[in-house]
Peer 1: 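Structure incoming, see below.
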Amino acid sequence: MNLIEQIYNVNDAVNNKAIDKKGFLVSLNYKNYEFLYRSLKNKNNSVYIDNQNEVSFVIKLNKIVDIKEILYYKKSIDVKMDLEGPVIELIVDGLSSYEFLFNLNDRFGVIALKSFLTNKQVNVHFVVETAGILQKFYSSLMPIDDKVIERVEYVLKCLNDYCYPKIEEDVLQKESVIFEVESDYEILNDLINIIEALQKWNSKDIFSIVVDKDDKFKIHFVGEFKNKNYFKTQLEKNYSIKEYNGFSKGKKFLKYDRGMIYFYI
């Protein structure tokens, strides 16, 4: 059973009390919310899973912020990978960005991740601490779209295999941008390094790479190759390149899909 199957098959429950989603300045007493107090002791955010099987992102602020302002703040989500599990980065314009780790080495982290993947929504609670007491002053429900779920499952595949996932796909005899290079297969390491740089700044390209070594080494880019100029500039630091268009042929190498990297079987 792979990692994704293990998470979806988890049946454990928790006793953590749910956080009131409607009230303003709701006191969260230590007896019912001990997990939250411990989690927020030395940091300003935490993943919280309750006895209603709902997952929450809890953010601790230094002061109460005008609720009207929060209502109009733009919120967005990004997915990152940590060796301990997937990380959801919640960016709240006007406040900050907050990273929520689903720790796969922790029972609560696994249960929370299953809820996140199956419910496709998360509660976002803002709290402040007054005289040692946590008080929740604002809550909102954030739906999670399928692209985020796809990226979380991608991270799980990487952690399961300890490498980039493998796929099968027909990308031969497709229209392509071709770089003809004075090189050999050692250039493949440079291609991976450039693609991992695209991954770090979350480039939205979607393309496949096919390599062909006939008389000269050719790199075929199939798909939405939006950062072609960046790619070419990086390669030209070490190689002489001739660019033209054609149809892909040769050996399928890898695919880059909006921050996700796959190797072809």
Side-chain angles (χ1 to χ4, degrees), residues 4 7 19 21-22 24 36 39-40 43-50 53-104 109 112-128 136-159 164-165 195-207 223-227 230 255-262:
I4 295 176
I7 290 166
I19 299 172
K21 289 177 279 194
K22 295 181 180 180
F24 175 69
L36 205 52
S39 299
L40 295 174
K43 58 182 183 177
N44 64 358
N45 64 81
S46 175
V47 177
Y48 187 75
I49 179 72
D50 62 40
N53 197 35
E54 292 190 7
V55 64
S56 297
F57 291 163
V58 182
I59 298 170
K60 184 171 73 172
L61 301 181
N62 294 325
K63 61 180 180 180
I64 296 176
V65 179
D66 188 342
I67 290 181
K68 291 181 181 179
E69 290 183 15
I70 294 180
L71 284 171
Y72 291 104
Y73 285 162
K74 179 183 176 183
K75 305 177 187 69
S76 58
I77 283 180
D78 193 12
V79 181
K80 299 180 178 180
M81 179 167 57
D82 185 273
L83 291 177
E84 292 183 317
V87 175
I88 303 296
E89 181 183 24
L90 175 63
I91 302 114
V92 184
D93 287 358
L95 285 179
S96 185
S97 64
Y98 306 91
E99 293 189 350
F100 299 89
L101 169 66
F102 289 96
N103 190 339
L104 301 179
L113 182 55
K114 179 186 176 181
S115 173
F116 183 86
L117 293 172
T118 54
N119 296 340
K120 296 185 179 181
Q121 62 183 27
V122 61
N123 298 306
V124 181
H125 300 292
F126 291 88
V127 304
V128 291
K136 190 231 66 176
F137 68 92
Y138 177 73
S139 300
S140 67
L141 182 65
M142 177 178 287
I144 305 299
D145 66 35
D146 289 338
K147 289 182 180 179
V148 173
I149 301 299
E150 179 188 6
R151 288 178 180 276
V152 172
E153 291 185 342
Y154 169 82
V155 168
L156 294 173
K157 289 176 183 176
C158 292
L159 293 171
Y164 293 124
I195 288 171
E196 287 181 338
L198 294 180
Q199 185 184 46
K200 287 178 181 177
W201 41 276
N202 204 20
S203 161
K204 301 304 180 184
D205 298 71
I206 306 174
F207 61 83
E224 299 178 31
F225 193 26
K226 298 178 180 179
N227 282 285
Y230 169 78
K255 179 175 184 176
Y256 177 86
D257 184 352
R258 298 158 298 168
M260 298 178 285
I261 300 172
Y262 303 88

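None of the values given here were measured: they were computed from a predicted structure.
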Peer 1: Does Y154 have any ring pair (Phe, Tyr, Trp, His ring centres under 6.0 Å) partners at least two apart in sequence or in another chain, and if so, which?
Peer 2: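 Here the qualifying residues are Y262.
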Peer 1: Nearest 0.5 Å please: distance from the CD atom of Q121 over to the OG atom of S56.
Peer 2: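 Separation between the atoms: 10.0 Å.
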Peer 1: Would D146 and K120 pass as an ion pair if we require N to O under 4.0 Å?
Peer 2: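 Yes, this pair counts.
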Peer 1: Assess, by modelled atom type and distance only, whether the side chains of N123 and E54 contain a donor and an acceptor separated by less than 3.5 Å.
Peer 2: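 Yes, a side-chain donor-acceptor pair sits under 3.5 Å.
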Peer 1: In Å, rounded to the nearest 0.5 Å, how long is the span from OG of S97 to CG of D78?
Peer 2: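 Those atoms lie 10.0 Å apart.
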Peer 1: Classify the angle between the aromatic ring planes of Y230 and W201 as parallel (below 30°), tilted (30 to 60°) or perpendicular (above 60°).
Peer 2: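 Y230 vs W201 ring planes: perpendicular.
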Peer 1: Once rounded to the nearest 0.5 Å, what's the spacing between atom CG of L117 and atom CD1 of I4?
Peer 2: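 Result: 8.5 Å between the selected atoms.
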Peer 1: Apply ring pair (Phe, Tyr, Trp, His ring centres under 6.0 Å) to F57 and Y98, showing your working.
Peer 2: CA-CA 9 Å; F57 291 163; Y98 306 91; over 10 Å; no
Peer 1: Please report the shortest heavy-atom distance between L113 and P86, naming the atom on each side.
Peer 2: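 Taking every non-hydrogen atom into account, CD2-CG, 4.1 Å.
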Peer 1: For K136 and S139, which I'm curious about, is there any donor-acceptor pair between the side chains at under 3.5 Å?
Peer 2: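 Indeed, the side chains of K136 and S139 share at least one donor-acceptor pair under 3.5 Å.
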Peer 1: How many angstroms lie between OH in Y256 and CG in D205, if you round to the nearest 0.5 Å?
Peer 2: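 Separation between the atoms: 6.0 Å.
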Peer 1: Residues in ring pair (Phe, Tyr, Trp, His ring centres under 6.0 Å) with F137, at least two apart?
Peer 2: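 F137 satisfies ring pair (Phe, Tyr, Trp, His ring centres under 6.0 Å) with no other residue.
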Peer 1: Check this for me, if you would: do E99 and K43 make a salt bridge, where the nitrogen-to-carboxylate-oxygen distance has to be below 4.0 angstrom?
Peer 2: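 No.
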Peer 1: Using only atom types and a distance under 3.5 Å, with no angle test, would you say the side chain of N119 pairs donor to acceptor with the backbone of V122?
Peer 2: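 Pair absent, no side-chain N/O of N119 close to backbone of V122.
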Peer 1: Identify, with sequence neighbours excluded, every residue that meets side-chain contact (heavy atoms from CB on, under 4.5 Å) alongside D82.
Peer 2: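 Checked D82 against side-chain contact (heavy atoms from CB on, under 4.5 Å); matches are E84, V87, L101.
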Peer 1: CG of N62: more than 12 outside heavy atoms within 6.0 angstrom?
Peer 2: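 Open: at most 12 neighbouring heavy atoms sit under 6.0 Å from CG of N62.
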Peer 1: Can you name the nearest heavy-atom pair linking V128 to L61, along with the distance?
Peer 2: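 Taking every non-hydrogen atom into account, CG1-O, 3.7 Å.
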Peer 1: Does either side chain, that of E196 or that of Y164, offer a donor lying less than 3.5 Å from an acceptor on the other one?
Peer 2: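 Y164 and E196 do have a side-chain donor-acceptor pair below 3.5 Å.
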Peer 1: Measure the spacing between CG of D257 and CD of E150 and express it to the nearest 0.5 Å.
Peer 2: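 CD of E150 is found 6.0 Å from CG of D257.
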Peer 1: Between CD1 of I7 and OG1 of T118, what distance do you get to the nearest 0.5 Å?
Peer 2: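 The distance works out to 11.0 Å.
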Peer 1: Taking everything shown except K147 itself, do over 12 heavy atoms lie less than 6.0 Å from its NZ?
Peer 2: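 It does not: K147 NZ has 12 such atoms or fewer within range.
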